[in-house]
Amino acid sequence: MEKYNHKKIEKKWQKIWEDNQVVNIDKDNTKKKFYMLDMFPYPSGDGLHMGHTESYTASDVFTRFKTMQGFNVLHPQGFDAFGLPAENYAIKTGIAPEISTAKNIDNYIKQMKLLGLRYDFDEKVVTYEPEYYKWTQWLFIKFFENDLVYKKTSKINWCESCQTGIANEQVVGGECERCGTQIVQKEIPSWFFKITEFADDLINDLDIVDWPEHTKKNQKNWIGKSEGAKIVFKVQSPKSKVEKEIEVFTTRPDTLFGATYMVLAPEHQLVQDLKEKVENWEEVEKYIKEAQSKTEMDRIEAKDKTGVKLEGIFATNPANKEEIPIFIADYVLSGYGTGAIMAVPAHDERDFEFATKFGLDIREVISGGDIKEESYSGDGVLVNSTQFDGMTSEEAKQKITEFVEGESTSNYRLRDWSMSRQRYWGCPIPIVYSPEGEAKLIPEEHLPWLLPTDVDFIPSGKSPLEKSKELRERTEKIFGKGWTPEFDTMDTFVDSSWYFLRYPDVHNEREFCSEDRKKWLPVDLYIGGAEHTYMHLLFSRFFVKAMNKIGLLDFNEPFLKLRHQGMILDGEGKKMSKSKGNVVNPNEMVERFGADSVRTYILFATPLEDEVMWNEDNIVGVYRFLEKVFYQREKLEETTSQEVQNVLHKTIRKVGNDINGLKYNTAVSEMMKFMKVVKTSQISQKDFEKFLRILSPFTPHITEEIWNSLGHDSSIHLEKWPAYDEKLAKDDLYTVAVQINGKVRAEIEVRDEDSEKEVKDKVLSDLRVQKWLDGQEVKKSIYIKNKIFNIVI
RNA sequence: GCCUGGGUGGUGGAAUUGGUAUACACGCAACACUUAAAAUGUUGUCCGUUAUGCGGAUGCGGGUUCGACUCCCGCCCCAGGCACCA
């Protein structure tokens with residue numbers, strides 16, 4: 001008996017498949033299309049990790065399944081190759097990002113092939129290649145021409161010592177991760193995409209996609225639409241009359257009579273405008289400085305409310321004309337609403353905390369709980385609100401807004417997308433500046449606008465591109481003396497916001513995708529990590545909506561169906577990371593157990609969307625199962641027993657349904673059960689081959705080997721998915737649990753065609769049941785066909 | 001802090017979505033084969049008990065129901081995300 005040698009088998013078939021281009025995707029044929037997509041990886045130096053292994057195996061299985069079912073499946077792969085890690089690596093080692101990245105990509109491809117993942121790497125998208133980013137730039141130009149791009153200043157985390165912008169991730173406890181210097185907020189000019197213009201569509205169109213409910217919820221919360229009103233408060237100082245106005249957004253205009261003070265964000269422009277009138281300016285300025293050193297996260301997280309009163313000025317509550325104090329406090333964020341609030345301590349938790357600390361008036365205007373202990377933030381009936389007393393919140397919201405001449409409006413948490421970065425390793429922004437400093441688009445004929453190579457990577461407080469002589473010369477040569485290029489590059493999220501639109505036509509030099517190839521769009525099933533719930537998915541949706549508006553696409557949503565794979569954790573439930581030294585290398589596992597076992601195990605271990613606690617011990621169960629399958633080919637009989645026949649058809653049905661629902665863990669266990677039955681019974685070659693076919697998407701190598709050894713010349717992966725026979729999959733007898741008052745007291749066998757009356761007679765004649773009834777009257781009985789018979793006494 | 005998800009044997013998990021809780025797999029134990037070990041096979045394995053029975057158990061406490069892992073209310077704990085990591 002030949003031993004199951006996974007190394008030999010996998011090496012052999014991987015070579016044969018590659019040489020013979022088994023199942024190459026035909027982009028022009030007439031079969032029904034199915035676009036299966038993985039979130040493309042960032043090619044890090046660490047190589048492919050277990051999370052990739054899980055989601056790419058999941059999509060590979062689905063691709064093979066759909067192909068067997070007769071679909072023409074597009075399942076491409078690519079690399080999100082611009083980004084910070086390669087640049088940091090370059091800063092550290094001097095090795096250019098394109099060199100380290102290309103090396104990493106080669107490594108990823110090698111690893112993917114070892115896992116038996118079926119991608120056509122001639123059709124890959126690599127975001128740093130000019131043939132790709134040419135179209136990223138082209139899309140920027142189209143967005144610019146259609147008024148979806150603008151420039152304004154925005155704040156970034158800044159490290160004075162490193163002289164560079166710092167990602168939130170690199171800020172640890174308010175300090176720079178690298179050098180420990182206190183991070184400050186710095187205003188710099190930045191390009192923005194107008195994603196907020198699509199806020200309502202981004203919420204509403206979630207109704208038309210098949211996504212996990214929690215992902216939809218998260219997106220809605222991220223966009224954060226709230227209905228309310230804009231209300232204007234007049235600002236005065238005792239010495240002068242009306243000077244300024246503060247506009248606030250509130251979702252609770254019904255509580256306006258309870259507004260006993262106002263708060264401005266420390267960065268609010270009005271604070272600077274009032275400089276002359278504020279009597280304690282020194283103290284105010286000091287607070288603003290402190291607030292600037294904090295990241296937004298620090299401010300949100302702060303347990304203790306802080307703030308400073310603007311002495312010498314006050315605002316007038318437009319509802320009751322009372323004079324109320326104005327504070328600056330960092331619990332009010334400049335980026336949300338108008339950056340100013342009316343504070344109603346009786347009915348807002350944060351305002352209540354602040355008012356308690358600063359001894360401010362707390363005035364109940366909505367009757368509710370006891371506001372001495374805590375605020376009441378629910379709706380209710382108005383009190384202490386003059387002519388509005390007795391109204392419901394609902395009614396008063398509109399009436400009070402009208403009364404103070406406010407404007408009913410919606411506010412969104414979503415901010416426009418700041419997409420420029422002071423980094424080297426990103427897509428150049430196709431903008432040049434005239435000698436007068438006016439931003440102009442680079443004409444399409446000059447695309448791709450190449451990323452220069454004559455730069456060094458040491459941070460100096462300016463964008464690395466400023467150091468490129470070639471870029472400056474190129475700009476002057478084309479546009480004239482005194483013209484300068486844009487030195488910022490694009491956020492890497494821009495690259496990944498449209499890559500899926502390129503796959504159907506990656507080599508097209510005239511268009512990002514031809515009209516004919518656009519028939520492949522949109523993506524039918526998208527699989528990737530839940531960490532992308534917000535940004536990547538939202539940005540991609542924005543791109544598609546914007547392109548639809550411009551007329552470049554005729555659909556509204558990029559990903560019709562979306563599923564997430566869970567995180568892979570180590571045995572202690574910790575996230576795997578290189579720094580913790582707990583990373584499991586997929587290739588080492590493949591070496592030891594084979595790609596077929598690794599693929600099957602990772603899908604068997606847990607539902608796709610759940611976290612996986614990596615436990616190496618369990619993989620041997622899968623390996624043993626594959627051995628059983630391998631040796632079964634030597635035990636094939638002329639005929640198949642009735643028992644196996646029945647289980648086979650049930651298994652085909654269940655595995656097909658489970659793959660469709662991405663419930664791979666139960667699909668695998670079903671196939672294991674099947675082999676258990678086969679072992680004690682008999683199966684013919686013809687029926688065993690049906691089983692091999694349903695197993696083949698999971699374990700492409702071993703099934704190909706067995707298939708081949710059973711006398712087939714062509715690949716098992718060109719076979720059709722077997723049909724099952726509903727009659728053969730049907731059971732004759734069912735075990736029904738007999739319950740008395742909900743407790744199982746007996747079991748009886750029934751036939752499918754038995755009526756409820758027949759079952760009841762059988763139940764009541766059962767000795768065990770009679771013992772429990774003990775002559776008592778049956779008040780009620782409930783029969784769930786073929787499952788439960790419950791007697792209530 | 002805010003948003004979202006989760007908690008079932010020693011372990012990963014299953015449960016037809018309100019209908020026999022613990023499928024499948026790992027581990028463990030006993031037995032078989034072996035000089036022995038490995039491998040393989042068979043059997044057993046939620047807990048308690050006065051064991052063919054009965055009682056209890058799906059993070060904790062309550063509720064709805066003939067019946068709750070599943071639905072509702074209140075807690076506890078864990079994970080992910082929070083806009084310049086991708």
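This one's a predicted model, so the numbers in the text were calculated from it and none came from an experiment. The chains referred to below are lettered A, B, ... by the order of the sequence lines, with proteins before strands, and numbering in each begins at 1. The basis for the numbers below is simple: all heavy atoms, side chains too, and nothing from hydrogens, waters or symmetry mates.
- Just one residue in the list A:Phe79, A:Tyr526, A:Tyr499 forms a ring-ring contact (aromatic ring centres under 6.0 Å, His included) with A:Phe40, and that residue is A:Tyr499.
- Listed nucleotides: B:C3, B:G13, B:A86. Nearest to the side chain of A:Tyr534: B:C3.
- Taking atom NZ on A:Lys760 and atom P on B:C66, their separation rounds to 17 Å, with Å as the unit.
- The interatomic distance linking A:Ile91 (CD1) with B:C85 (P) rounds to 14 Å, in whole Å.
- Going from atom CG of A:Leu767 over to atom P of B:G53 covers 15 Å, rounded to whole Å.
- B:U64 and B:G55 have their P atoms separated by 22 Å, given to the nearest Å.
- At the heavy-atom level, A:Pro607 lies under 4.0 Å from the strands shown only through sugar-phosphate atoms.
- To the nearest angstrom, P of B:A83 lies 14 Å from CD1 of A:Ile156.
- Remark: the A:Asn790 side chain and the B:C66 base include a donor-acceptor N/O pair separated by less than 3.5 Å.
- Side-chain contact between A:Met589 and A:Met50 is present, with heavy atoms from C-beta onward closer than 4.5 Å.
- Distance from the side chain of A:His214 is smallest to B:G5 among B:A86, B:G5, B:C26.
- Residues A:Phe630 and A:Leu626 fail the side-chain proximity criterion, which asks for heavy atoms closer than 4.5 Å.
- The distance from atom CE of A:Met672 to atom P of B:A14 is 14 Å, rounded to the nearest whole Å.
- Using a 4.0 Å heavy-atom distance criterion, A:Phe604 is classed as a base contact.
- Within the 4.0 angstrom heavy-atom criterion, base atoms lie near A:Trp222.
- For the pair A:Phe198 and A:Thr196, the minimum side-chain heavy-atom distance is 4.5 Å or more.
- At a cut-off of 3.5 Å, with distance as the only test, a side-chain donor of A:Thr735 or A:Glu749 sits close to an acceptor on the other residue.
- Rounded to a whole Å, the CD1 atom of A:Ile793 is 13 Å from the P atom of B:G67.
- Using a 4.0 Å heavy-atom criterion, one finds that A:Ile782 contacts the bases of the nucleic acid, with or without backbone contacts as well.
- Both A:Val736 and A:Ile619 sit near RNA chain B, but only A:Val736 has its closest nucleotide nearer the 5' end.
- Using atom P as the reference point in both B:G12 and B:G74, the two lie 29 Å apart (nearest Å).
- Across B:U8 and B:A14, the matching P atoms stand 11 Å from one another, rounded to whole Å.
- As rounded to the nearest Å, B:G41 and B:C26 have P atoms that lie 10 Å from one another.
- Between A:Trp498 and A:Phe542, the distance from one ring center to the other does not fall under 6.0 angstrom.
- When heavy atoms are screened at a 4.0 angstrom cut-off, A:Phe625 is found touching no nucleic acid atom at all.
- Using a 4.0 Å heavy-atom distance criterion, A:Arg413 is classed as a base contact.
- For the C1' atom pair drawn from B:G7 and B:U11, the interatomic distance equals 15 Å after rounding to whole Å.
- Distance, A:Tyr89 OH to B:A86 P: 18 Å, rounded to whole Å.
- Summary of the strand contacts: A:Trp772 and A:Glu670 both lie near RNA chain B, and taking for each the nucleotide with the nearest heavy atom, the more 5' one is attributed to A:Glu670.
- Among the nucleotides B:G19, B:C54, B:A86, the one closest to the side chain of A:Ile788 is B:G19.
- The pair A:Arg423-A:Asp488 does not count as a salt bridge, with every side-chain nitrogen at least 4.0 angstrom from each carboxylate oxygen.
- Of the side-chain N and O atoms in A:Thr606, none sit less than 4.0 angstrom from OP1 or OP2 of B:G12.
- Atom CZ of A:Arg768 and atom C1' of B:U20 are 13 Å apart (whole Å).
- In this structure, of B:G41, B:G80, B:A83, it is B:G41 that holds the atom nearest to the side chain of A:Lys679.
- Of the nucleotides present, B:C47 is the one that pairs with B:G55 by Watson-Crick or G-U wobble criteria, both distances under 3.5 Å.
- Using N1 to N3 plus N6-O4 or O6-N4 for Watson-Crick, or N1-O2 and O6-N3 for G-U wobble, each under 3.5 Å, B:C26 pairs with B:G10.
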